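Accompanying notes for the structure given below.
Because the structure is a prediction, the values reported are computed rather than measured. Numbered from 1 within each chain, the chains take letters A, B, ... in sequence-line order.
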Amino acid sequence: MVLMDFNELEQIRAEKIDVLRSAGIEPYPTRAKRTHTTQQAKQAFEQQETIEGADPIRVTLAGRVRAMRPMGKICFIHIEDIDGRLQLFFRVNEVGAEAMKLLTATVDLGDFIEASGEMVRTRTGEVSLLVHAYTMLAKAITPLPAGKDEIVDGELIQHGGLSDPELRYRQRYADLAVNPEVREIFRIRAKTIRALRCFMDDHQFLEVETPILQPIYGGAAARPFVTHHNQLHQDLYLRISFELYLKRLVVGGLERVYEIGRDFRNEGVSFKHNPEFTQLEFYWAYADYLQVMELTEKMISQVAMAVLGTMQITFDGKEIDLTPPWKRVNLRDGLIEATGIDIQQYPDGPSLAAAMQEKGIAANPQMPRGKLIDKLLGDHLEPTFIQPTFLYDYPIDISPLAKKIPGDPTMVERFEGFIGGMELCNAFTELNDPIDQEQRFLEMGRAYAEDDDENNPMDEDYLKAMCYGMPPQGGFGMGIDRLVMLLTGKRSIREVLLFPHLRERDRTGESSDS
RNA sequence: GGGCGCGUAGCUCAACGGCAGAGCAGUGGCCUUUUAAGCCAUUGGUUGAAGGUUCGAAUCCUUCCGCGCUCACCA
């Protein structure tokens, strides 16, 4: 029982709850009566101040106590609310001796309080609320993990605040309460998603929702999470992409569709991977991957402008310019330049692996050709693409849902977008030939072991949809978390997820018996 | 999963084989314009867990738990 485990500091605060109750004060009242936020009150005051002999501005503010300076018969408290901090000025003259005594006896840093009075300027010129009456709104028992801070030229300088990453992620509420820059990350995240939505809507894309629980997973090479429907006695998978469902909708005549939602992949966790992550996918009938490329650079640059007001961002100490057009690099040419290997000359895995080994690049000859190429581009191209770059024209064997380049049966019309040395998006001209698609599924099946989870099962219903006729279309997928990383300058995906996945804490403290 | 690093008071950190400490927060006192308020006094620890080496372990060794970085994995 967590409430039995109060430490000494919490015990002392919990006792103050009793002090309040015995003074006839409810420490958790049902309602608040706020009339202004801190900034509204400040603005109202500053406006009124210019008028000679104007009536005082009377307000009721509510917020969390973030600083407290009791000085005997007066007391200064800074409260913080959604849009900033404001100083409360308590004087025994206004609030009375009894309330003054209770203030210092029962109010702690972290408590939510409400105070009403008139706006004034203190001797040092700070706009403050001269408090006539105050009430407790919610007594905090656990002290915030905050150090002291000061405001210098409007900048908040924290002295010894919360920095332990584990505590920050496990107790994100405490992190948010204490670190305003963390709150800002999630404002940027919200703005980013809104800007993406606006962009898609403005381009006549219809927002849709497709199943998260799927009987057959597909659309990406990834291990799925498995779950079970009890009543139907049916295993279900959490989706690893939206692709196959969205393209069914294009078959149905919804020419432009998009979805923003969560994907789940049962894979390793890293600074750019979380088991669940947010994805934008769109499908665009009668467009090809070149049009998608143009729409992509337009979208990202416009989103940056909407969110940050600029197309110049700084990521990992590097200046990045998102202004279109972006650099375009042909995959084959890029690999020749970076590694001296012309993938065209090595039609299968073993020959390509041998060529790689000759260049001193570790390569497993057992690996399929596509995976080797993927490894080459991941190691030798991806990290070099700091400025926005489209890498285009991929080998067919790592792109089973993309359409062949006319006249070249080994390559497909596909591109990936990279920024800051990180893959951001993946797109292609979609394969719409059901017979070709069935072949690709069968080839994929052969390339993977039967028990390999990445061996995507044949989705017969998807083929059936395609048999009804699927218009040519361009498709696109992007990790929104990574875009938010770029826009906030954060190197870890965990920084841009409110509740990143962490291993379960060993609650008992006993060593595991496994 | 492998390698490296880290885990000490509520928070930020010292002590690196010899009495577990500081600042902030807390508690008591003084203080009617402060703002990292100040002054005086003071509480607070199973050093992540378990085992081992040693006269003696926060410190050295082993195992485990968690976090970080990194490699592997990751159309």
Expressed as a whole number of angstroms, how long is the span from [X]:[atom1] to [N]:[atom2]?
X	N	atom1	atom2	result
A/Glu281	B/rA75	CD	C1'	13 Å
A/Arg223	B/rG1	CZ	C1'	11 Å
A/Arg503	B/rG1	CZ	P	6 Å
A/Met68	B/rA36	CE	P	17 Å
A/Leu88	B/rA37	CG	C1'	17 Å
A/Ile74	B/rA37	CD1	P	14 Å
A/Arg66	B/rU34	CZ	C1'	18 Å
A/Glu126	B/rA37	CD	C1'	13 Å

Quick one: is A/Arg170 getting a side-chain N or O under 4.0 Å of the B/rC67 phosphate, OP1 or OP2?
yes

Would you indicate, yes or no, if B/rU34 has its OP1 or OP2 atom less than 4.0 angstrom from a side-chain nitrogen or oxygen of A/Arg121?
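Checking B/rU34 against A/Arg121, no side-chain N or O comes under 4.0 Å of OP1 or OP2.
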
Heavy atoms from C-beta onward define the side chain here; which of [options] lies closest to that of [X]?
X	options	answer
A/Arg494	B/rG68, B/rG66, B/rU34	B/rG68
A/Arg91	B/rA36, B/rU33, B/rA75	B/rU33
A/Ala221	B/rU34, B/rA75, B/rG44	B/rA75
A/Phe76	B/rA25, B/rA75, B/rU33	B/rU33
A/Lys148	B/rU34, B/rU33, B/rG38	B/rG38
A/Lys371	B/rU32, B/rC74, B/rA75	B/rC74
A/Asp374	B/rA75, B/rC73, B/rC67	B/rA75
A/Glu267	B/rC67, B/rA75, B/rC74	B/rC74
A/Ala220	B/rA75, B/rU43, B/rA25	B/rA75
A/Pro165	B/rA75, B/rG68, B/rU33	B/rG68

So, [X] and [Y]: side-chain donor and acceptor under 3.5 Å apart, yes or no?
X	Y	value
A/Asp288	A/Thr429	no
A/Asn274	A/Arg494	no
A/Thr37	A/Asp83	yes
A/Glu495	A/Tyr169	yes

Using the ring of A/Phe277 (Phe, Tyr or Trp, six-membered ring only), decide whether A/Arg265 places NZ or CZ under 6.0 Å from its centre and within 45 degrees of its axis.
no

Work out how far the [atom1] atom of [N] is from that of [M], and round it to whole angstrom.
N	M	atom1	answer
B/rA37	B/rG26	P	11 Å
B/rU63	B/rC24	P	42 Å
B/rU42	B/rU33	P	29 Å
B/rG52	B/rA58	P	15 Å
B/rG68	B/rG38	C1'	40 Å
B/rA49	B/rA14	C1'	24 Å
B/rG17	B/rG44	C1'	27 Å
B/rU70	B/rA57	P	38 Å

Under a 3.5 Å cut-off for both distances, is [N] Watson-Crick or wobble paired, and to whom?
N	value
B/rC60	B/rG52
B/rG7	B/rC65
B/rG26	B/rU42
B/rG17	none
B/rC31	none
B/rG1	B/rC71

Are [X] and [Y] close enough for a salt bridge, meaning some N to O gap below 4.0 Å?
X	Y	answer
A/Lys247	A/Glu243	yes
A/Arg369	A/Asp348	no
A/Arg172	A/Asp175	yes

Between the protein and nucleotides 27-29 of chain B, which nitrogen or oxygen pairs are less than 3.5 angstrom apart?
{"unit_1": "B/rU27", "atom_1": "OP1", "unit_2": "A/Lys16", "atom_2": "NZ", "d": "2.5"}

Looking at every strand, decide which applies to [X] at a 4.0 Å heavy-atom threshold: base, sugar-phosphate, or nothing.
X	value
A/Val92	base
A/Gln87	base
A/Glu10	nothing
A/Arg85	nothing
A/Phe89	base
A/Leu502	sugar-phosphate

Classify the side chain of A/Arg69 and the base of B/rU34 as holding, or not holding, a donor-acceptor pair under 3.5 Å.
yes

Return the 5'-most residue of the pair A/Lys375, A/His159 with respect to RNA chain B, ranking by each residue's nearest nucleotide.
A/His159

Nearest-nucleotide 5' precedence on RNA chain B, A/Asp397 against A/Ser128:
A/Ser128

Quick one: does A/Gln158's side chain have a donor or acceptor within less than 3.5 Å of a partner on A/Asn179's backbone?
no

For nucleotides 9-11 of chain B, which of its nitrogen or oxygen atoms have a protein nitrogen or oxygen under 3.5 Å away, and what is each distance?
{"unit_1": "B/rC11", "atom_1": "O2'", "unit_2": "A/Gly160", "atom_2": "O", "d": "3.3"}
{"unit_1": "B/rC11", "atom_1": "O2'", "unit_2": "A/Gly161", "atom_2": "O", "d": "3.2"}

Ring centroids only, cut at 6.0 angstrom: are [X] and [Y] within range, meaning strictly under it?
X	Y	answer
A/Tyr258	A/Phe282	no
A/Phe76	A/Phe90	no
A/Tyr392	A/Phe415	no

side-chain hydrogen bond (donor to acceptor under 3.5 Å, both in side chains) test vs A/Tyr394 passes for just one of A/Arg332, A/Glu413, A/Glu416, namely A/Glu416

Is the count of non-hydrogen atoms from other residues, nucleotides or ligands lying under 6.0 Å from A/Gln291 atom CD greater than 12?
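Count over threshold, so yes.
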
